[in-house]
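No hydrogens, no waters, no symmetry mates; every other heavy atom, side chains included, goes into these values. In what follows, chains carry the letters A, B, and so on, assigned in the order in which the sequence lines appear, proteins first and then strands, with residues in each chain numbered from 1.
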Protein chains: 2
Amino acid sequence: MLRLTKKADYGLMALKYLAEQAVLAEQAGADLNLSGARSAKDIAEAYHIPPQLLAKILQTLARANLLISHAGTNGGYALARPAADISTFEVIRAIDGPLFITSCITIHGACDLAGHCTIKEPLRKVNDSITTLLSGISVADLIEPADHLPAAMAGGLVNIER
Amino acid sequence: MLRLTKKADYGLMALKYLAEQAVLAEQAGADLNLSGARSAKDIAEAYHIPPQLLAKILQTLARANLLISHAGTNGGYALARPAADISTFEVIRAIDGPLFITSCITIHGACDLAGHCTIKEPLRKVNDSITTLLSGISVADLIEPADHLPAAMAGGLVNIER
DNA sequence: CAATCTACGACCATTTTGGTCTTGCTTCCA
DNA sequence: TGGAAGCAAGACCAAAATGGTCGTAGATTG
């Protein structure tokens with residue numbers, strides 16, 4: 001539970017890939033703003049993702065202004081901004097919608113049914129923390145190897161089969 | 001997305017309720033270890049939750065040793081430990097299973113498909129943080145009003161319709 | 001104008017979630 | 001001592017979310 005959808009996963013993978021391409025293009029001296037553009041098909045093949053599904057995801061991201069698209073031969077998608085300026089939070093929210101840890105935190109801010117869920121206020125804190133955390137991780141952070149990450153995460157807190 | 005299931009919600013509500021009953025029973029001077037026991041039906045009625053569904057959830061929690069059950073007339077469920085010693089993390093995991101933010105962090109620790117998800121390592125950090133956060137919030141924390149919570153959470157970070 | 005690519009919406013399959021029903025066993029108490 | 005109250009457990013079904021496909025239309029380039 002409490003997992004990202006595959007779509008969000010795919011989206012993050014694709015952005016990571018495009019970020020890498022942008023770096024390569026920059027190194028090669030390209031100066032167009034579409035540098036590093038790749039087609040949905042290329043990315044799908046690179047990661048063995050269903051191409052049509054990825055296409056839809058990329059369209060979503062383009063609509064959210066995280067990617068810029070270019071139709072036609074040799075068209076494709078490229079990052080709309082530097083990878084360091086795109087947070088994983090934006091990506092996930094664009095694809096999966098807003099994330100609420102409790103089903104009863106609505107847009108109205110309050111619970112729809114009177115005295116039912118008095119519980120949730122402390123959990124809001126968790127919700128906000130997740131938001132903050134994800135906001136602090138950019139697409140650029142995804143491309144580097146995990147070496148420098150804090151040792152804290154090495155411990156197996158999370159395991160055990162369902 | 002990234003939301004708790006209703007089952008987990010219900011479970012937390014029920015535990016909160018039982019924690020409150022335990023406090024009341026203690027104040028009344030009861031000294032049995034089953035103090036504050038309530039039937040699944042009672043709790044379900046208090047929160048307008050489908051009784052049979054709640055029953056199943058409570059059974060799950062009992063199996064996880066978070067509750068102790070007592071059959072027979074005037075039987076029911078009570079907290080197996082003081083509310084302050086039951087973390088929301090335990091509850092959620094007992095009901096929803098282990099929580100992995102990415103679909104590809106498996107028990108084996110690595111991704112099942114070779115080069116597919118190089119992305120996820122930074123997200124593990126998020127995963128661990130959520131775990132830590134939830135572990136730090138006990139059922140006892142759920143019963144008090146939200147007054148003392150940090151003002152940080154007041155801001156509407158989380159909203160916007162899907 | 002043909003090939004390549006995005007854009008978009010309808011559609012279907014699978015999985016997960018939420019919820020119900022049935023049967024059986026335990027405990028209490030009148 | 002037997003029935004009412006309650007838990008235990010598993011089969012089962014319905015609804016919703018997710019994952020994935022298809023077809024068509026419009027942009028772009030060579």
Side-chain angles (χ1 to χ4, degrees), chain A residues 1-11 13-14 18 32 34 37-45 47-78 80 92 95-100 102-104 116 162, chain B residues 1-11 13-14 18 32 34 37-45 47-78 80 92 95-100 102-104 116 162:
Chain A
M1 272 311 79
L2 200 63
R3 66 183 200 290
L4 248 46
T5 61
K6 275 191 187 178
K7 287 184 189 176
D9 264 6
Y10 292 160
M13 286 193 241
L18 289 172
L32 5 149
L34 272 172
R38 293 290 158 143
S39 74
K41 184 162 148 282
D42 286 351
I43 305 173
E45 275 169 10
Y47 291 110
H48 304 99
I49 298 173
Q52 316 217 55
L53 180 54
L54 183 63
K56 270 208 322 197
I57 295 167
L58 294 178
Q59 283 164 31
T60 305
L61 292 174
R63 238 176 290 135
N65 298 314
L66 298 177
L67 292 179
I68 44 182
S69 64
H70 201 226
T73 313
N74 288 325
Y77 296 91
I92 294 169
I95 298 175
D96 280 351
L99 42 86
F100 299 128
T102 54
S103 17
C104 102
H116 294 199
R162 177 162 188 170
Chain B
M1 273 310 82
L2 200 62
R3 67 183 199 291
L4 248 47
T5 61
K6 275 192 186 177
K7 286 184 192 177
D9 264 6
Y10 293 161
M13 287 192 241
L18 290 172
L32 4 149
L34 272 173
R38 294 288 157 146
S39 74
K41 185 163 147 283
D42 287 350
I43 305 174
E45 276 169 9
Y47 290 109
H48 304 99
I49 299 173
Q52 315 217 57
L53 180 54
L54 184 63
K56 271 208 320 195
I57 295 167
L58 293 178
Q59 282 165 31
T60 305
L61 292 173
R63 239 177 288 134
N65 298 314
L66 298 177
L67 292 180
I68 46 182
S69 64
H70 201 227
T73 313
N74 287 326
Y77 296 92
I92 294 169
I95 298 174
D96 281 350
L99 42 87
F100 299 128
T102 53
S103 18
C104 105
H116 293 199
R162 176 160 187 171

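For the pair B:Q59 CD and D:dG6 P, the interatomic distance rounds to 15 Å; values are reported in whole Å. Rounded to an integer number of Å, the gap from B:H70 NE2 to C:dC25 P is 18 Å. Between B:L58 atom CG and D:dA9 atom P the separation is 13 Å, expressed in whole Å. Here D:dC7 presents its P atom at 11 Å from CG of B:L67, a figure rounded to the nearest Å. Atom C1' of nucleotide C:dC11 and atom CD of A:Q52 are separated by 12 Å, given to the nearest angstrom. Going from atom CG of A:L53 over to atom P of D:dT18 covers 13 Å, rounded to whole Å. At whole-Å resolution of the value, NZ in A:K6 and P in D:dA17 are 19 Å apart. As rounded to whole Å, 12 Å separates atom P of C:dA7 from atom CG of A:N65.
Here the closest heavy-atom approach between residue B:R38 and residue B:L18 is recorded as CB-CD2, 3.9 Å. When all heavy atoms of A:Y77 and A:A62 are compared, the pair lying nearest together is CE2-CB, 4.2 Å. Minimum heavy-atom separation, B:A8 to B:D96: CB-OD2, 3.5 Å. Between A:A14 and A:L54 the shortest heavy-atom distance is CB-CD1, 4.1 Å. The shortest heavy-atom contact between A:A40 and A:A55 is CB-CA, 4.1 Å.
Within the 4.0 Å cut-off from OP1 or OP2 of D:dA8, at least one side-chain nitrogen or oxygen of B:Y77 is found. For the pair A:T5 and D:dA17, the criterion of a side-chain N or O lying under 4.0 Å from OP1 or OP2 is not met. Phosphate contact (OP1/OP2 of D:dC7, side-chain N/O of B:S39, threshold under 4.0 Å): absent. In terms of phosphate contacts, B:Y10 brings a side-chain nitrogen or oxygen within less than 4.0 Å of OP1 or OP2 of C:dG19.
Taking every side-chain heavy atom of A:A71 into account, D:dT28 is the closest of C:dC29, D:dT28, D:dC7. Minimum atom distance to the side chain of A:P50 is reached by D:dT21, of the listed D:dT21, C:dA3, D:dG19. Nearest nucleotide to the side chain of B:R63, out of D:dT18, C:dC29, D:dA9: D:dA9.
At the heavy-atom level, B:K56 lies under 4.0 Å from base atoms of the strands shown. Among the protein residues, A:A40 comes within range of the sugar-phosphate backbone only, with heavy atoms under 4.0 Å from sugar or phosphate atoms but none that close to a base.
Nearest-nucleotide positions on DNA chain D for B:G72 and A:N74 put B:G72 closer to the 5' end.
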